[in-house]
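Below is one structure, written out as structure tokens, with a few remarks after it.
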Amino acid sequence: MCGRYSLRATGEELTERFGADGVGFEPTYNAAPGQSLPVVREEERRSLDLLDWGLVPSWSDDADGYINARSETVAEKPSFAEAYEGRRCLVPVDGFYEWDDDPYYVGFERVAGLAGIWERRVPDRRQSGLDEFGGEGDGQEVQETFAILTTEPNEQVARLHHRMAAVLAPEEEDGWLDGSLTADELDPRDEPATVRRVSERVNDPSNDDPSLVEGM
DNA sequence: CCAGACGTTGTT
DNA sequence: GTCTGG
DNA sequence: CCAGACGTTGTT
DNA sequence: GTCTGG
């Protein structure tokens, strides 16, 4: 689960909610893999930054990443272990979409933080062979990416799907960021939500407007 | 030792 | 980079 | 997650 | 059917 979500909040509202340094962001009703989306990180300071959805391991040669990581195995998988150890993040969402043939929207009553991990990849310039042309526009930029952890679903989501994004309780957010909360402590949280069937217009990621989250 | 994979989802 | 398979 | 492309030659 | 792009 969790290959599409909504975040109806501005960058300003998110920095307030998560106590983070800010970055500009406009609400979205259809956040999709590959897009640049806001996550909360805690390095020197707590910051809200735009990262690409789809974690690419630092050693990976290709550009496409993993949008989800199983909480049951994230600590051991070579692709995720380093990020799990030292690069946690919160992924702000206020609802997500789930497909059971037809699309459904699971809408929260507030902005919640999903358990995420992130990675930084510095491309090997020696392999690009394009430096002699000035390095402009060769696409060899530092790439920061993230993945959302999954667990078994809660009772409400189980009717639609057998996996669910890991929703943190507000009091768990600090522990997730600093590593004291482990992945096996994540459990299907009964975050208050309404579930409704929505229009198939959500299928096309280029559609992004308030009517997407409205019931039919 | 080197070569090759390294992931999730869902579907079969 | 690190683990698995041969 | 779904939608949409899936190619070459030559020219700009 | 499978890969890429959003």
Side-chain angles (χ1 to χ4, degrees), chain A residues 1-7 25-39 50-87 91-107 114-124 126-127 133 137 139 141-154 157-167 183-184 186 188 195-209 211-213:
Chain A
M1 171 292 131
C2 220
R4 216 72 79 75
Y5 63 82
S6 68
L7 180 55
F25 178 73
E26 290 303 311
T28 177
Y29 301 85
N30 202 355
Q35 292 179 356
S36 186
L37 295 161
V39 305
L50 298 176
L51 273 63
D52 296 334
W53 187 7
L55 185 148
V56 179
S58 58
W59 41 262
S60 177
D61 284 333
D62 47 32
D64 60 314
Y66 307 118
I67 66 173
N68 295 130
R70 293 177 65 92
S71 59
E72 297 91 334
T73 55
V74 64
E76 303 128 36
K77 296 292 183 183
S79 294
F80 301 136
E82 275 185 52
Y84 173 72
E85 285 303 319
R87 286 184 290 279
V91 184
V93 309
D94 65 3
F96 57 80
Y97 296 96
E98 197 67 76
W99 279 261
D100 183 17
D101 293 332
D102 301 316
Y104 292 81
Y105 179 65
V106 179
L114 304 182
I117 56 178
W118 65 276
E119 187 57 84
R120 176 181 287 128
R121 179 165 167 264
V122 180
D124 186 350
R126 288 169 301 182
Q127 291 179 348
F133 295 109
E141 291 155 16
V142 173
Q143 179 187 38
E144 293 188 321
T145 56
F146 72 95
I148 295 169
L149 274 72
T150 62
T151 65
E152 302 205 317
N154 62 28
V157 172
R159 296 164 48 209
L160 302 174
H161 214 67
H162 67 102
R163 298 296 292 174
M164 186 178 82
V167 183
D184 59 15
L186 298 172
V195 179
R196 49 185 181 264
R197 171 74 209 283
V198 294
S199 164
E200 287 172 10
R201 290 188 310 104
V202 74
N203 291 3
D204 186 339
S206 69
N207 290 326
D208 183 7
D209 63 79
S211 70
L212 296 180
V213 303

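From a predicted model like this one, the values you see are computed outputs, not experimental measurements. Chain identifiers are assigned alphabetically (A, B, ...) following the order of the sequence lines, protein sequences preceding nucleic acid strands; residue numbering begins at 1 within each chain.
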Distance between the [atom1] atoms of [N] and [M], in whole angstroms?
| N | M | atom1 | answer |
| --- | --- | --- | --- |
| E:dC3 | B:dC6 | P | 14 Å |
| B:dT9 | C:dT2 | P | 26 Å |
| B:dT11 | D:dC1 | P | 9 Å |
| B:dT12 | E:dG1 | P | 10 Å |
| D:dA5 | B:dT8 | P | 30 Å |

Is it the case that [X] and [Y] place a side-chain donor and acceptor less than 3.5 Å from each other?
| X | Y | result |
| --- | --- | --- |
| A:T145 | A:D52 | no |
| A:T28 | A:D208 | yes |
| A:R70 | A:T151 | no |

Let me check I have this right: for DNA chain D, each base becomes ., (, ), [, ] or |, based on Watson-Crick or G-U pairs with both distances under 3.5 Å. What is the full string? ||||||......

With distance as the sole test, does A:D204 use its side chain to make a donor-acceptor pair with the main-chain N or O of A:S206 at under 3.5 Å? yes

For the side chain of A:N30 and the backbone of A:V202, is there at least one donor-acceptor N/O pair under 3.5 Å apart? yes

E:dG6 phosphate, OP1 or OP2, under 4.0 Å from A:R4 side-chain N/O: no

Classify the nucleic acid contact of [X] as base, sugar-phosphate or nothing, counting any heavy atom under 4.0 Å across all strands shown.
| X | answer |
| --- | --- |
| A:W99 | sugar-phosphate |
| A:T73 | sugar-phosphate |
| A:A147 | nothing |
| A:S79 | sugar-phosphate |

Which atoms form the tightest heavy-atom contact between A:N203 and A:P205, and what is the distance?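 Closest pair (atom of A:N203, atom of A:P205, distance): O-CD, 3.2 Å.
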
Of the options D:dC1, C:dG1, E:dG6, whose atoms approach the side-chain atoms of A:P78 most closely? C:dG1

For the side chain of A:N68, counting heavy atoms from C-beta on, which of B:dT8, D:dC2, C:dG1 is nearest? B:dT8

